Amino acid sequence: KLYHVAVVGATGAVGEQMIRMLESRNFPVGELKLLSSARSAGTKLKFRGREYTVQEAGPDSFEGVEIALFSAGSDVSRKLVPHAAAAGAVCIDNTSAYRMDPETPLVAPEVNPEQIARHKGVIANPNCSTIQMVAALKPLHDRYGIARIIVSTYQAVSGAGARAVTELLRQTEELLAGRKPEPDVLPVSSLPVKHQIAFNAIPQIDKFQDNGYTFEEMKMVNETKKIMGDDSIAVTATCVRIPVLRGHSESVYVELKSDYELDDVRSLLSNAPGITVVDDPASQRYPLATEAEGRPDVFVGRIRRDLTHPRGLNLWIVSDNLLKGAAWNAVQIAETIVNSRG
Ligand code: 11C
């Protein structure tokens with residue numbers, strides 16, 4: 001069977017990758033509808049060698065659509081997902097709009113694929129920095145139980161969209177030419193204060209909440225518990241934007257509930273779906289954003305014991321934020337739906 005698929009936000013950094021993923025996975029697309037804001041409507045995009053004109057997304061865009069991939073921001077999802085679902089589409093939403101809604105499954109297929117079946121028209125795709133962490137930690141949680149996670153992230157500018165990518169390149173060129181750049185996009189484009197990202201590290205991703213943490217940090221806390229299906233996991237996060245174009249890196253400290261052997265952790269992770277262990281300090285091999293780019297896996301390395309705690313473990317987790325962190329996870333959910341229908 002072939003499916004009528006829509007991509008909402010088709011001209012964005014993630015939307016573009018969604019189209020490439022549908023192509024490279026040979027997803028059974030019959031009809032394809034590419035949708036965007038009025039600003040980007042009219043853009044021509046290619047899919048399997050054929051040219052498509054992007055149309056403006058509206059409440060009436062979804063007639064006949066069976067699978068709708070959304071990545072056009074939370075406001076667009078809040079407005080249009082109900083229309084798409086009412087028209088009969090299964091919506092896979094890459095924004096934060098529905099993630100914490102108890103009725104909506106929040107799915108990383110390596111962790112909780114069984115949740116997909118309980119959807120009522122919308123399945124939420126988790127935040128990129130959360131997906132790569134839970135995919136890597138799931139085998140450890142199953143085997144030992146995770147009591148506590150302390151994570152610090154080193155996140156690529158593409159997580160903030162195509163404008164942030166251009167901003168990093170522009171600032172870098174200006175600084176190399178001896179000029180002082182005027183920051184315009186980061187940390188949060190809608191807030192008045194901006195900071196330089198080139199040659200810098202900004203400890204703010206998204207706005208601050210009243211508790212002193214950013215929304216990005218609280219997404220890592222709340223989404224991790226929901227995806228793992230375990231509210232008892234204690235999570236604390238510090239999320240930092242760094243001048244990398246693509247690929248989020250994370251220093252993750254986990255405190256397990258039972259004793260472990262390092263070799264067992266290595267073999268558990270090596271055998272886990274979607275995980276590639278790159279961990280050979282002797283030859284200076286560890287996961288790098290530059291090597292993760294364009295690949296669907298989550299890469300784990302620097303696997304080592306906490307010398308101060310018998311059940312403490314340190315990991316370095318890297319993945320392409322636009323692929324496993326967004327487009328690939330969404331298409332993976334779509335594949336699971338299609339395969340379950342036979
Ligand atoms: C970033 N993680 O790197 C964010 C982007 O909730 O889907 C993804 C925001 C989200 O800026």
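Counting starts at 1 for both ligands and their atoms, following the listed order. As the structure is a prediction and not an experimental result, all values here were calculated from the model.
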Discussion item. Regarding Q209 and E217, do their side chains bring together a donor and an acceptor under 3.5 Å, going by distance alone?
Written reply: no
Discussion item. Can you tell whether the side chains of K138 and D142 come within less than 4.0 Å, N to carboxylate O?
Written reply: yes
Worksheet item: Does S36 reach the side chain of T43, with side-chain heavy atoms less than 4.5 Å apart?
Response: no
Discussion item. Could you check whether R148 makes a cation-pi contact with Y253, meaning its NZ or CZ is under 6.0 Å from the centre of the six-membered ring and within 45° of the ring axis?
Written reply: no
Worksheet item: Is there a donor-acceptor pair under 3.5 Å between the side chain of N112 and the backbone N or O of L106?
Response: yes
Worksheet item: Taking any residue with a non-hydrogen atom under 4.0 angstrom from an atom of ligand 1, which ones do you get?
Response: N94, R99, N127, C128, Q155, G159, A160, I205, E216, K219, R241, H248
Worksheet item: Parallel under 30°, tilted from 30 to 60°, perpendicular over 60°: which one fits the rings of F27 and Y3?
Response: tilted
